[in-house]
Novice: 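This structure is in structure tokens; I'll ask about it shortly.
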Amino acid sequence: SGGKRARNDDIEESATPSANKAMCAEVYHSVDECKIEAKLAVSKSITTHNLLQVVKPRRRTIANKAKGISASVAESLEAYIDSSLLNTSGTTDLDLERVCRFCAPHDKNVIRFSKELEMYAATGALFGFIFEQIRFKAGNVNDLNNIISNFKQNDFTVSDGNTDVRIDKALRIGFDGLGELKDEDAETKGSRADIVETETYMDIFAVIEAKVDNQVNDKDGADSEIVTDNKQRVDATMQLYLCTHTIYLRQHARRFVWGFTVCGSVFQVCLFTHDVIVRSNGIDVATKRGRKYLVELFTNMSFCDKDQLGYDPTIYFNKTSGQWQMYVFENGKVRRCAINNVTFAADSVFGRHTRCFHCKTISESDSGEESKDVLVKDTWADQKRDLNENEDASNEATLLRTISEGFRHVGSLAGKYSDLWAGGIVQITGSDSNVSDDSTDYIFAALDQDVREKIPNRVHKRLAMEPVGEPLRIAKVVDETIIAVADAMEAYMAAWVDHGIMHRDISTSNILIRRDQQTGTFLNGALIDFDCAITINRDEPSTDQRPNMTGTVPFMSINCLAASSNSNIRSSCVPRTILDDWESALYVLCWLGTFGINYHDSAAVKRKVSGTDLEISKWQTDSPGDIASDKMCYLSSRQIFSYNILSCFYEPPQLESSSSEPSRAASVSYKPLKRLVESMRMTLFKNPNLSKLGRGTLLNLVEEDFFDDLSDNSSADIPETCWDAHVDPNDRNPFSRRAQVADKIGNALLDVMVKARSKARDRMQAYSAHCE
């Protein structure tokens, strides 16, 4: 992800942890190093001094105190190093010896370390001395906002990780869920560096990756503009990337992540944001200036606000109620929710970092409101710096308010769309009492403007909405899947017809299943996640209708995939219409048909992991242009579609167990889903109400009417009853012709879905009556 929201990750986690770990490892380790280099490009504009400003305390009095303590700690560190030269007792201080090897001047020709394990211990000793001195110089640990300390372990794997990546070293912040150090912990934990016994990503503040490199010299040190990336530094950054992914996945209140690489004696500070990796210059601890920078960084981190370390202070632990809670902001008002559970975690290093929480609203005593269940969506959305939120045609909160107000009294749509309760830009109150909109610009507010403008701007938004549902891929029977998708597309068409809102990201993630909270009875499906949606003025062509890579890659239409830079497919010039989203709905059903409607079905999980030879699997791994070409071929005829897609549909084994088992979904045939998918394909690509010029995918070589399509078709050859009779007969691109009658085809597709939904409900009622 990045820029526009083009996601090529699998949407759901598998039920089997080991299977999920295998899939994740394959995806993460396939990250192209050149992509990481692209994310690092902005680093050439960031100096170590710039990066120190990100964590500089906001209150002047605190900043001055930190400055004084930093200078004092730096002096103590120099005295500590010098003490090795004065040691005549014959005793050996192992930590001192390690620090001195680390910090020995380059002109001493010291071979610092021959093994990485030696570097772990030396890094721990150096950092531990600095942390201990900061606490000592502060006088009272409760005066520090953040108590930084080492993990005790070196070179370890983490129990809650989803890959087997080993961590060289890690740091933690010594506060509890509320974000403050407990008083009882201050006495027992505040004076020691190596205090942490746990090994979880939940506790990690920053990861340190070390590589042996004894070729470093002063020109790569703290006085240089930027260190030269060699293999060791690239490898270390890749390791940080993998660990950062899991930190985002496990820490639901993390806005950005810090990390450190060390090669030889040179440290680099890395800050992983939503679109770039910001790195400092080389901080060479073999030089006095480098050590001063390192001390200043950790001192600032100890006194700064927690949001400057990447944490979200608007998600907090309420000790009185014993609940995790969060604030939701709207038009100057602040509302509160209690978090029941996390339904969707941030599963990427770059991009929107979308998270979803099942919450209970907290009613204020004088409001008279009843508490209700809501789904809170937390995301970092693209926003141009010169664009007012209210002027943004793609602002999700504005779109949801429009939908909510328009559909609130339409009974047939009840529970089928996102009804906004509250929402807006997250606001952070700093220790200086200033209230600011949370954004990338706010994170980097201390940087020079010309540097800040090179980092893409994102705005932190939080929306609380109804209904609360379950993921589409926990359907119990195929008919639930059919009904849920039909309901979602009914809401989609209503939003389009009544308000000109085009969703642009129909995917398995964005359709929910609703059940009765008491009985668990299936109710309906719902369309959510309008953060890629836009409002289209049908009377005025808009650049927003140009095809682009907005959406989720496996489910993107041929037209949108063909808009990628590596594709020369003719249809890429066709305006984006509702047919692109209907085509995405078709692919969603194909995906579920192939890999199973329920990811708790162990047989379906096994098929997902081992099914890399399936044609549909390429929709997740191939380039956009290749995926577009494949889809054009598959959809060109019934025979090809049946052979490559329908024949690969999952057919679960019949179970002898009772219908009360959670896996009863495996006992239902996928044949109704096959029939629906084929009907949708015919309506979209082979609609008999279109002329022959309006049918097909331009790959008609094996179709029986191919030679007819090659005949000279003039306007006289197109019957006036055809929907595309008014379209220029010289336009022989079927995608273009269909786009000009998109509403008619969209209504026809909705009719297909409604009929399939009716039959599915009848089957479910018949089964229910049979069970009774």
Side-chain angles (χ1 to χ4, degrees), residues 5 7 9-13 343-344 347 354 356 358 375 377 379 396 399-400 403 407 412-420 463 465-496 501-515 522-533 550-557 578 580-600 604 619 665 670 672-673 676-677 680 746 749-750 752-754 756-757 760-761 764:
R5 187 186 182 200
R7 301 185 305 203
D9 52 343
D10 191 17
I11 310 306
E12 302 85 16
E13 291 187 5
T343 60
F344 191 83
D347 197 12
T354 299
C356 293
H358 177 192
L375 180 74
K377 174 185 173 185
T379 190
E396 186 177 12
L399 296 177
L400 289 180
I403 293 172
F407 295 162
S412 62
L413 294 176
K416 297 179 181 178
Y417 63 93
S418 297
D419 188 358
L420 187 67
L463 307 175
M465 63 200 89
E466 301 177 87
V468 175
E470 301 172 340
L472 178 62
R473 283 203 64 193
I474 61 168
K476 295 180 179 179
V477 291
V478 170
D479 288 329
E480 286 185 355
T481 300
I482 293 173
I483 295 170
V485 175
D487 288 343
M489 295 311 293
E490 180 185 13
Y492 171 90
M493 286 298 289
W496 168 251
I501 295 174
M502 190 183 299
H503 189 280
R504 303 201 304 172
D505 190 15
I506 303 297
S507 68
T508 54
S509 287
N510 295 336
I511 299 174
L512 295 181
I513 286 177
R514 292 185 61 234
R515 300 187 189 278
F522 175 85
L523 297 177
N524 58 264
L527 181 64
I528 63 167
D529 198 354
F530 282 74
D531 63 356
C532 288
T550 299
T552 305
V553 173
F555 312 118
M556 278 187 189
S557 69
I578 61 172
D580 292 289
D581 283 341
W582 273 105
E583 191 176 334
S584 294
L586 170 63
Y587 299 142
V588 165
L589 293 174
C590 289
W591 191 269
L592 297 176
T594 304
F595 295 117
I597 60 167
N598 189 308
Y599 54 59
H600 293 303
W619 298 359
Y670 279 42
L673 192 58
L676 172 57
V677 165
M680 290 179 68
L749 285 162
L750 182 60
V752 170
M753 293 294 300
V754 168
R757 178 177 64 186
R761 287 198 180 278
M764 289 182 66

Novice: Measure the CG-CG distance between L400 and D531 for me, rounded to the nearest 0.5 Å.
Specialist: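 With rounding to 0.5 Å, CG (L400) is 9.5 Å from CG (D531).
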Novice: Does any part of the side chain of K377, heavy atoms only, come nearer than 4.5 Å to the side chain of I528, both counted from C-beta?
Specialist: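 No; the side chains remain at least 4.5 Å from each other.
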Novice: Quick one: CG on L586 to CG on D581, what's the gap to the nearest 0.5 Å?
Specialist: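 Rounded to the nearest 0.5 Å, the CG-CG separation comes to 12.5 Å.
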Novice: Who are the side chain to side chain donor-acceptor pair (under 3.5 Å) partners of Y587, not counting sequence neighbours?
Specialist: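 For Y587 the side chain to side chain donor-acceptor pair (under 3.5 Å) partners, ignoring immediate neighbours, are E583.
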Novice: As an exercise, state the distance from CD1 of I501 to OH of Y417, rounded to the nearest 0.5 Å.
Specialist: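 Atom-to-atom, I501:CD1 and Y417:OH are 12.0 Å apart.
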Novice: When you compare the side chain of M502 with that of D580, does any pair of heavy atoms fall below 4.5 Å?
Specialist: no
Novice: What pair of heavy atoms forms the shortest contact from Y670 to I597, and how long is it?
Specialist: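 In terms of heavy atoms, the two residues are closest at OH-N, 3.0 Å.
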Novice: Any side-chain to backbone donor/acceptor pair from H503 onto M489? Under 3.5 Å, distance only.
Specialist: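 Not at all, since once roles are kept as given, no pair shorter than 3.5 Å links the two residues.
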Novice: Determine whether E396 and D529 satisfy the following criterion, side chain to side chain contact (heavy atoms under 4.5 Å, CB included), listing intermediate values before the conclusion.
Specialist: CA-CA 8 Å; E396 186 177 12; D529 198 354; 4.1 Å; yes
Novice: Considering all heavy atoms of both residues, which atom of A475 and which atom of T481 are nearest to each other, and what is their separation?
Specialist: CB-OG1, 3.3 Å
Novice: Please name the pair of heavy atoms, one in F407 and one in A491, separated by the smallest distance, quoted to 0.1 Å.
Specialist: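 Looking at all heavy atoms of both residues, the shortest contact is CE1-O, 4.4 Å.
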Novice: For T552 and D505, which I'm curious about, is there any donor-acceptor pair between the side chains at under 3.5 Å?
Specialist: yes
Novice: Would you sort out whether F522 and K476 count as a side chain to side chain contact (heavy atoms under 4.5 Å, CB included), showing the intermediate values?
Specialist: CA-CA 9 Å; F522 175 85; K476 295 180 179 179; over 6 Å; no
Novice: How would you list, by chain and number, every residue that makes a side chain to side chain donor-acceptor pair (under 3.5 Å) with T379, sequence neighbours excluded?
Specialist: T354
Novice: Please check if the side chain of Y492 supplies one atom and the backbone of W582 the other of a donor-acceptor pair under 3.5 Å.
Specialist: no
Novice: I would like to know whether D479 and R761 meet side chain to side chain contact (heavy atoms under 4.5 Å, CB included); could you show each step before the answer?
Specialist: CA-CA 7 Å; D479 288 329; R761 287 198 180 278; over 6 Å; no
Novice: Measure across A495 and I403 and return the closest heavy-atom pair with its distance rounded to 0.1 Å.
Specialist: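 That would be CB-CD1, 4.3 Å.
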Novice: For the residue pair A760 and I483, what are the closest heavy atoms and their distance?
Specialist: CB-CG1, 3.8 Å
Novice: To the nearest 0.5 angstrom, please state how far the CG atom of L589 sits from the OG1 atom of T508.
Specialist: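 Answer rounded to 0.5 Å: 11.0 Å.
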Novice: How long is the gap from CG on N510 to CZ on F555, to the nearest 0.5 Å?
Specialist: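 Between atom CG of N510 and atom CZ of F555 there are 9.5 Å.
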Novice: State, yes or no, whether a side-chain contact exists between L750 and E490 at a heavy-atom distance under 4.5 Å.
Specialist: yes
Novice: Is there a side-chain contact between L512 and L472 (heavy atoms, below 4.5 Å)?
Specialist: no
Novice: Mind checking the CD-CG spacing from E480 to N524? Nearest 0.5 Å is all I need.
Specialist: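 E480 atom CD to N524 atom CG measures 11.0 Å (nearest 0.5 Å).
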Novice: Quick one: do T550 and M556 satisfy side chain to side chain contact (heavy atoms under 4.5 Å, CB included)? Show the steps, please.
Specialist: CA-CA 8 Å; T550 299; M556 278 187 189; 5.8 Å; no
Novice: If I compare all heavy atoms of A484 with all of I511, which pair ends up nearest, and what's the gap?
Specialist: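 A484 and I511 have their closest heavy atoms at O-CG2, 3.9 Å.
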Novice: Would you say the side-chain atoms of D487 pair up with the backbone N or O of A526, donor to acceptor, closer than 3.5 Å?
Specialist: no
Novice: Using atom types as modelled and distance alone, determine if a side-chain donor or acceptor of T343 lies under 3.5 Å from a backbone N or O of H358.
Specialist: no
Novice: Is the closest basic N to carboxylate O distance between E466 and R514 below 4.0 Å?
Specialist: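 Judged by the 4.0 Å cut-off on N to carboxylate O distance, E466 and R514 do not form a salt bridge.
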